[in-house]
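Every heavy atom of this structure was used, including side-chain atoms; hydrogens, water molecules and symmetry mates were not. This one's a predicted model, so the numbers in the text were calculated from it and none came from an experiment.
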Amino acid sequence: MIKNTKKTIIAHRGASGYLPEHTLPAKTMAYAMHPDFLEQDLVLSKDDIPIVIHDIYLDNITNVAEKFPNKVRNDNRFYVIDFTYNELLQLNVTERFDVKTDNAIFKNRFPLWKSHFKLHSLQDEIELIQGLNKSTGNNIGIYPEIKDPYFHNKAGKDISRIVLKILSDYGYKTKKDNCILQCFDAIELKRIRIELKSELFLVQLIEFKENEKHLKEYATYADGLGPWYKLILKGKDKQGHWQTTSLVKEAHKLGLVVHAYTFRADDLGVFSSFDELLEIGFNTLKLDGVFTDFPDKAVSFLKNYQLFLAPLPI
Ligand code: CA
């Protein structure tokens with residue numbers, strides 16, 4: 001009997017392999033590629049609006065240095081939290097670039113400073129996704145991430161409480177609703193479950209080897225784990241087979257699903273093709289889902305993979 005063959009594809013920052021990350025066009029394109037979820041990284045504006053943006057900084061994806069030069073902090077950076085929502089809307093967004101060299105981080109992606117892209121709020125993005133769910137008849141979920149709660153807290157802001165209220169207002173309240181909430185900060189994710197009493201599906205993101213020691217603790221409040229895939233991949237054995245750590249197996253024993261990040265067709269490392277990387281992810285690592293900048297490629301890979309897994313007709 002084939003169990004649990006349903007795998008999850010999460011559009012990481014939208015179709016970020018093709019359009020500037022986290023923009024509404026990148027989300028719309030990702031939506032049309034039929035992933036299971038679209039991801040939203042969240043940082044609060046000065047006036048407490050959750051902005052869909054990966055970093056607490058603005059300078060590596062926008063023209064903020066040119067538009068608001070006086071708002072730079074002593075560390076030479078521009079912070080989302082120092083700007084009102086209306087100020088943020090005045091910025092132009094582009095592909096991620098290196099602030100020192102002004103060069104694009106991913107050389108073959110959408111060209112820098114071309115066309116017209118803007119920042120937006122969590123509400124704007126939920127309305128886009130829910131609107132598309134209505135007009136297409138599909139049911140694609142949201143996968144918001146609370147960014148740097150400690151940083152927000154130092155600025156007197158309770159980002160989790162604000163985000164949970166908005167999610168609830170839009171109908172995302174329990175594990176039955178099509179929403180997964182993720183966070184790297186274990187203290188905060190536990191607080192979301194215990195103190196803020198969220199009944200949402202929660203994923204504990206992890207990035208370090210040491211995190212593996214705390215799986216049992218994570219399982220007391222979270223429903224899943226989000227590790228960096230390189231964390232669970234050891235080297236090859238003498239026969240050339242990839243060896244893995246016990247993380248996924250242990251997580252599954254504890255009833256946790258595992259969604260690993262980040263699968264990029266233009267950052268293959270030692271792998272010869274994106275399909276090979278995905279094959280290792282699903283087949284060798286036994287992942288339940290992947291965050292990817294290229295949702296179309298992962299969805300297409302999975303179609304063939306699911307066919308392969310399907311039981312033969314009797
Ligand atoms: Ca994220």
Side-chain angles (χ1 to χ4, degrees), residues 12-13 16 21-23 39-65 67-91 93 96-100 105 119-126 142-167 179-196 198 200 202-208 210-211 214 217-218 221-222 225-228 261-262 291:
H12 182 249
R13 311 182 200 170
S16 56
E21 64 184 48
H22 279 317
T23 58
E39 191 209 23
Q40 301 78 32
D41 290 312
L42 300 172
V43 177
L44 289 181
S45 67
K46 192 176 185 177
D47 45 354
D48 291 344
I49 308 288
I51 304 300
V52 182
I53 185 169
H54 182 265
D55 299 336
I56 56 173
Y57 313 110
L58 290 161
D59 35 278
N60 47 9
I61 59 155
T62 76
N63 62 343
V64 66
K67 189 94 187 164
F68 295 99
N70 299 333
K71 282 186 168 267
V72 69
R73 285 201 192 178
N74 289 338
D75 61 359
N76 248 348
R77 307 225 59 173
F78 296 82
Y79 288 72
V80 179
I81 211 165
D82 293 338
F83 292 75
T84 64
Y85 181 56
N86 281 333
E87 286 169 335
L88 292 169
L89 291 184
Q90 294 173 42
L91 300 174
V93 174
R96 179 166 287 270
F97 59 93
D98 182 323
V99 285
K100 293 203 177 80
I105 300 293
L119 294 168
H120 62 272
S121 66
L122 171 63
Q123 293 93 319
D124 278 339
E125 185 158 333
I126 291 175
I142 63 170
Y143 208 128
E145 178 183 345
I146 305 283
K147 282 287 179 184
D148 213 332
Y150 181 69
F151 169 83
H152 282 94
N153 187 262
K154 277 193 298 181
K157 293 183 185 298
D158 188 344
I159 180 170
S160 298
R161 201 180 283 275
I162 290 169
V163 168
L164 285 173
K165 168 78 169 70
I166 293 166
L167 294 177
C179 172
I180 296 180
L181 186 63
Q182 47 169 339
C183 190
F184 273 106
D185 187 323
I187 295 169
E188 186 71 2
L189 198 66
K190 189 172 184 179
R191 172 178 174 258
I192 286 171
R193 178 69 84 215
I194 308 293
E195 187 189 323
L196 302 181
S198 173
L200 288 170
L202 301 182
V203 161
Q204 177 66 58
L205 296 170
I206 55 176
E207 59 184 326
F208 303 116
E210 304 86 80
N211 296 129
H214 306 293
E217 161 69 5
Y218 299 151
Y221 60 86
L225 281 186
W228 186 30
Y261 62 91
T262 303
F291 288 86

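- Shortest non-hydrogen contact noted between L88 and L119 is O-CD1, 3.8 Å.
- In terms of heavy-atom proximity, P50 sits nearest to I166 at CG-CD1, 3.5 Å.
- Residues I53 and K147 come closest through the heavy atom pair O-CG, 4.5 Å.
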Practice task
Could you walk me through whether H152 and D158 pass side-chain contact (heavy atoms from CB on, under 4.5 Å), step by step?
Solution key: CA-CA 7 Å; H152 282 94; D158 188 344; over 6 Å; no
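- Remark: side-chain polar atoms of R193 are paired, donor with acceptor, to backbone N or O of S198 under 3.5 angstrom.
- To the nearest 0.5 Å, atom CG of residue L181 and atom CG of residue L189 are 6.5 Å apart.
- The closest side-chain heavy-atom distance from I56 to V80 is not below 4.5 Å.
- To the nearest 0.5 Å, atoms CD (Q123) and CG (L167) are separated by 9.5 Å.
- With hydrogens and angles ignored, the 3.5 Å screen pairs no side-chain donor or acceptor of Q204 with any backbone N or O of L225.
- In this structure the side chain of E39 never reaches within 4.5 angstrom of the side chain of H54, judged on heavy atoms.
- The two residues V52 and E125 have their closest heavy-atom pair at CG1-OE1, 3.4 Å.
- Taking V99 as the reference, D59, N60, R77, F97 meet the side-chain contact (heavy atoms from CB on, under 4.5 Å) condition, with sequence neighbours excluded.
- Under the 4.5 Å side-chain criterion, counting only non-hydrogen atoms from C-beta, Y221 is not in contact with I192.
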Problem - Verdict with reasoning, F68 to F83, per ring-ring contact (aromatic ring centres under 6.0 Å, His included) - result: CA-CA 10 Å; F68 295 99; F83 292 75; 5.4 Å; yes
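- Under the side-chain contact (heavy atoms from CB on, under 4.5 Å) criterion, I105 pairs with R96, D98, sequence neighbours left out.
- Inter-residue side-chain proximity for I81 and V43 is flagged as unmet; no heavy-atom pair is nearer than 4.5 Å.
- Legend: residues meeting side-chain contact (heavy atoms from CB on, under 4.5 Å) with T84, ordered by chain and number and at least two apart, are K46, D47, N86, E87.
- Here the straight-line distance linking atom OG of S121 with atom CG of L44 works out to 11.5 Å at 0.5 Å rounding.
- Y143 pairs by the ring pair (Phe, Tyr, Trp, His ring centres under 6.0 Å) definition with F37, H259, F291, not counting sequence neighbours.
- Considering only heavy atoms from C-beta on, D55 stays 4.5 Å or farther from I61 through its side chain.
- For E207, the side-chain contact (heavy atoms from CB on, under 4.5 Å) partners at least two apart in sequence or on another chain are F184, Y261.
- Interatomic distance, NZ of K157 versus CD1 of I162, reported as 6.5 Å (0.5 Å rounding).
- Put simply, the side chain of T62 does not reach to within 4.5 Å of the side chain of F78, judged on heavy atoms.
- Considering CG of N76 and CG of N74, their distance stands at 9.0 Å, rounded to 0.5 Å.
- Listed by chain and number, the residues in a ring pair (Phe, Tyr, Trp, His ring centres under 6.0 Å) with F151 are Y79 (sequence neighbours excluded).
- Put simply, OH on Y85 and CD on Q90 are 12.5 Å apart, with the number rounded to the nearest 0.5 Å.
- Of the possible polar contacts, one joining the K71 side chain to the D82 backbone as a donor-acceptor pair under 3.5 Å is found.
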Practice task
Take Y150 and I187, measure what side-chain contact (heavy atoms from CB on, under 4.5 Å) needs, and give me the verdict at the end.
Solution key: CA-CA 10 Å; Y150 181 69; I187 295 169; over 6 Å; no
